[in-house]
Amino acid sequence: MRIYNTLTRKKEELIPVRDREVRMYVCGPTVYNYFHIGNARVFITFDTFRRYLKYRGYKVIYVQNFTDIDDKLIKRAKEEGVTVKEIAEKYIEEYFRDADALGIERADYHPRATENIPEIIEIIKTLQNKGYAYEVEGDVYYRARKFEDYGKLSHQNLEELEAGARVQVEERKEDPLDFTLWKRAKPGEPSWDSPWGKGRPGWHIECSAMALKYLGETIDIHAGGPDLIFPHHENEIAQSEGATGKPFAKYWMHVGYLNVNNEKMSKSLGNFFTAREIAARYDPEVIRFFMLSAHYRSPINFSPELLDQAGKALERLYNTIDNLAHLFKNTDDTEERPYFLKKLEELRDKFINAMDDDFNTADAISILFDISREINTVLNERSKKNHIDRALNLLKELGGILGILKKERDVILEKEIEALVKKREQARKEKDWATADSIREQLKKKGIILEDTPAGVRWKRENL
Ligand SMILES: Nc1ncnc2c1ncn2[C@@H]1O[C@H](COP(=O)(O)OP(=O)(O)OP(=O)(O)O)[C@@H](O)[C@H]1O
Ligand SMILES: [Zn+2]
């Protein structure tokens, strides 16, 4: 398998640290709000990659954290007159509700920053002992310039980094490049005891501490959204590698932005839809299908029209599944087509090759349509039962990796269709056009097309 690595800007062969085991850390949400569909892109993408790695026989240990203490949470808690803990509890619960609804499997570990304070303090102490960290009156900073490789993930040299660093109002830091590891407590804010007095952790150090605790010193894949490359992931590397002296993560993966009118969907711009709003209007499988139709590193535009299109495309695959179920019930089970079975195997291999090549879900989806086309041209009411069965299983097997084609469908049988066609004829005779139209629609949804001919009404299944 090959994976594009942000660190080397190349596709590299996946060689996990431990044989057949992939340890993966995905930066999770800051829990002060519902997550939006742009955030969902990260969760859905890596959930899919995790499923695929398992399909390929890897044991996967998957960690996704919750940032449950930070300025945004504190602000939100003040606004609502509740505690920071209450805000965090609420939005962690809401996260699971929405993620479950989108078919995102739970991580093996969902650690929270506030439940790992001793580990965070420990790593800061190590950094301080090694000269990477310094304290200024209860605040602790990371001495970025001391870490030789600083900038290696975002591919910036020191001049570029300096130009990017905001001029600091406070003169406490030795260098504008330095970043916070520990913040001295302000009155009324949650705080923990530490060697530097009462305070709370900075954002970057949480992930270093939790990755180390749950996955070890060198992990295989570290992932997140594109805005995390700098500074968050760059700083995570400086902290983790500074503390352990070992490489932190072998492969760094980042998804492309989900945009609205070519602008990043974000809370601050106000151009966002929560995952909950969208899941109320669209089938979760349609949302996944939409996300996975593009390459994960490409930006995607979000619009209701595009979701509708995704819905129609997914429906075509479901029609094939319905047709297969229909054929299975109605076949006379005589026609042997060894070529077809061989072709299915070839298409499965193509799907695997696409996914092995940096998780190319866009190609993988187009192969599902190739499979569907093959089924619809070759199979008929004489086909061998085992051919039909193999075809159905293959679609379910490969669809399942992407988290689609999992729904049980009630297949409409011939005699039900005939009955509805008759009912529609009757309605037409009585000039009850509303009923006639609604029956046509009902059948269309099940992939049945009606043709009004001079000899009466004929029907056929779409794709067959
Ligand atoms: N439009 C987007 N497209 C893809 N990923 C995104 C987008 N917006 C946020 N992310 C990612 O979602 C994950 C959760 O991030 P976080 O909870 O910090 O979001 P946020 O920064 O509050 O969102 P926003 O950028 O809307 O303010 C991160 O990995 C982040 O990179
Ligand atoms: Zn992180």
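What you are looking at is a predicted structure, and each value in this text was computed from that prediction instead of being measured.
For Y62, there are no side-chain hydrogen bond (donor to acceptor under 3.5 Å, both in side chains) partners two or more places apart in sequence or in a different chain. Judged as a salt bridge (charged side-chain N to carboxylate O under 4.0 Å, His left out), and not counting sequence neighbours, R281 has no contacts. Remark: T218 pairs with no residue by the side-chain hydrogen bond (donor to acceptor under 3.5 Å, both in side chains) rule, at least two apart or across chains. Not counting sequence neighbours, the partners of T6 by the side-chain hydrogen bond (donor to acceptor under 3.5 Å, both in side chains) test are H254. For D358, the salt bridge (charged side-chain N to carboxylate O under 4.0 Å, His left out) test picks out R297, with sequence neighbours left out.
The CD1 atom of I117 lies 10.0 Å from the OG atom of S194; values are rounded to the nearest 0.5 Å. Taking NZ of K246 as the start and OG of S240 as the end, the distance is 12.0 Å to the nearest 0.5 Å. For the atom pair CG (L368) and OG1 (T361), the distance works out to 10.5 Å, reported to the nearest 0.5 Å. Residue D227 holds its CG atom at 9.0 Å from NE2 of H233, rounded to the nearest 0.5 Å. Distance check, rounded to the nearest 0.5 Å: CD1 of I300 to CE of M265 gives 9.5 Å. The distance from the CD1 atom of I3 to the CG atom of D356 is 10.0 Å, given to the nearest 0.5 Å.
Contact annotation: the side chain of E162 approaches that of R145 to within less than 4.5 Å [non-hydrogen atoms, C-beta and beyond]. Annotation: side chain of I365 is in contact with side chain of F369 (closest heavy-atom distance under 4.5 Å). Counting heavy atoms from C-beta outward, L395 and I375 have side chains that approach closer than 4.5 Å. Counting heavy atoms from C-beta outward, I15 and Y251 have side chains that approach closer than 4.5 Å. I371 is listed as a side-chain neighbour of L398, based on a closest heavy-atom distance under 4.5 Å. By the 4.5 Å heavy-atom criterion applied to side chains, I352 and R348 are counted as neighbours. Two residues are said to be in side-chain contact when any heavy atoms from C-beta on lie closer than 4.5 Å; T180 and D139 fail this criterion. The shortest side-chain heavy-atom distance between T48 and I44 falls under the 4.5 Å cut-off.
The local environment of NZ in K444 is sparse, with at most 12 non-hydrogen atoms from other residues, nucleotides or ligands closer than 6.0 Å. Heavy-atom contacts from other residues, nucleotides or ligands closer than 6.0 Å to NZ of K130 number more than 12. Counted within 6.0 Å of CD on E345, heavy atoms from surrounding residues, nucleotides or ligands total more than 12; the atom is thus considered enclosed. Remark: K186 NZ is loosely packed, at most 12 non-hydrogen atoms of other residues, nucleotides or ligands lying under 6.0 Å away. Atom CD of E148 has 12 or fewer heavy atoms from other residues, nucleotides or ligands within 6.0 Å.
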(request) In sequence, state the C-alpha distance, the side-chain angles, and the governing distance for D220 and R18, and then conclude on salt bridge (charged side-chain N to carboxylate O under 4.0 Å, His left out). (result) CA-CA 9 Å; D220 297 302; R18 297 181 194 154; over 6 Å; no
(request) Could you walk me through whether L392 and I321 pass side chain to side chain contact (heavy atoms under 4.5 Å, CB included), step by step? (result) CA-CA 6 Å; L392 184 61; I321 287 184; 3.8 Å; yes
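Side chain of Y142 to main chain of L177: no donor-acceptor pair is present (N/O by atom type, distance under 3.5 Å, no hydrogens or angles). At distances below 3.5 Å, not a single donor-acceptor pair connects side-chain atoms of N360 with backbone N or O atoms of M355. With hydrogens and angles ignored, the 3.5 Å screen pairs no side-chain donor or acceptor of K54 with any backbone N or O of V60. Checked by atom type and distance alone, the side chain of N261 never pairs as donor or acceptor with a backbone atom of E263 at under 3.5 Å. Looking at R41, its side chain never comes within 3.5 Å of a backbone N or O of M291 through a donor-acceptor pair. D68 contributes no side-chain N or O that, together with a main-chain N or O of V31, makes up a donor-acceptor pair within less than 3.5 Å. No donor-acceptor pair closer than 3.5 Å links the side chain of N301 to the backbone N or O of L258. Of the possible polar contacts, none joining the Q64 side chain to the A107 backbone as a donor-acceptor pair under 3.5 Å is found. With hydrogens and angles ignored, the 3.5 Å screen pairs a side-chain donor or acceptor of E285 with a backbone N or O of L405. Of the possible donor and acceptor atoms, none in the side chain of R276 sits under 3.5 Å from a partner among the backbone N and O of D98.
With R288 as the fixed residue, the side-chain contact (heavy atoms from CB on, under 4.5 Å) test singles out one of L102, L402, L314, D47: D47. Each of I124, V140, N235, I121 was evaluated against I205; a single residue qualifies, I124, per the side-chain contact (heavy atoms from CB on, under 4.5 Å) test.
At a threshold of 4.0 Å, the pair E122-K125 counts as salt-bridged, since one of the basic side-chain nitrogens sits closer than that to a carboxylate oxygen. Looking at K146 and D175, no side-chain N of the basic residue comes within less than 4.0 Å of a carboxylate O on the acidic one, giving no salt bridge. A salt bridge links K75 with E79: at least one charged nitrogen is closer than 4.0 Å to a carboxylate oxygen. A salt bridge links K152 with E241: the closest approach of a Lys/Arg side-chain nitrogen to an acidic carboxylate oxygen falls below 4.0 angstrom. A salt bridge does not link D363 to K350: none of the charged side-chain nitrogens sits closer than 4.0 Å to a carboxylate oxygen. Under 4.0 Å is where a charged nitrogen must lie from a carboxylate oxygen, and between D370 and R373 at least one such pair does. Between D71 and R200 there is a salt bridge, since at least one side-chain N of the basic residue sits less than 4.0 Å from a carboxylate O of the acidic one. A salt bridge links R97 and E94; the closest N-O separation between the charged side-chain nitrogens and carboxylate oxygens is under 4.0 Å. Ionic pairing of K312 and E315 is not present here: no N-O contact between side-chain nitrogen and carboxylate oxygen is shorter than 4.0 angstrom. The residues K11 and D357 are annotated as salt-bridged, a charged nitrogen and a carboxylate oxygen being separated by less than 4.0 angstrom. The existence of a salt bridge linking K183 and E189 is excluded, since no basic side-chain nitrogen approaches an acidic carboxylate oxygen closer than 4.0 Å. Comment: E89 engages R112 in a salt bridge, judged by a side-chain N to carboxylate O separation of less than 4.0 angstrom.
In this structure, R143 forms no cation-pi arrangement with Y132, as its terminal cationic atom is not both closer than 6.0 Å to the ring centre and no more than 45° off the ring axis.
In summary, the aromatic rings of F46 and F49 are positioned with their centroids under 6.0 Å apart.
When only modelled atom types and interatomic distance are considered, T244 and E217 share no side-chain donor-acceptor pair under 3.5 Å. Checked by atom type, the side-chain pair K267/N33 shows no donor-acceptor distance below 3.5 Å. If you check the side chains of R51 and Y55, you find no donor sitting under 3.5 Å from an acceptor. In this structure, a donor-acceptor pair under 3.5 Å is present between the side chains of N376 and T320.
Below 30°, between 30° and 60°, or above 60°: for H232 and H204 the angle between ring planes is between 30° and 60°, a tilted geometry. The aromatic rings of W196 and W182 lie tilted to each other, with the angle between the two planes from 30° to 60°.
Annotation: ring-ring contact (aromatic ring centres under 6.0 Å, His included) contacts involving residues 88-119, sequence neighbours excluded, comprise Y34-Y91, F35-Y95, F43-Y95, F66-Y95, F66-F96, F66-H110, F96-H110, Y109-Y214.
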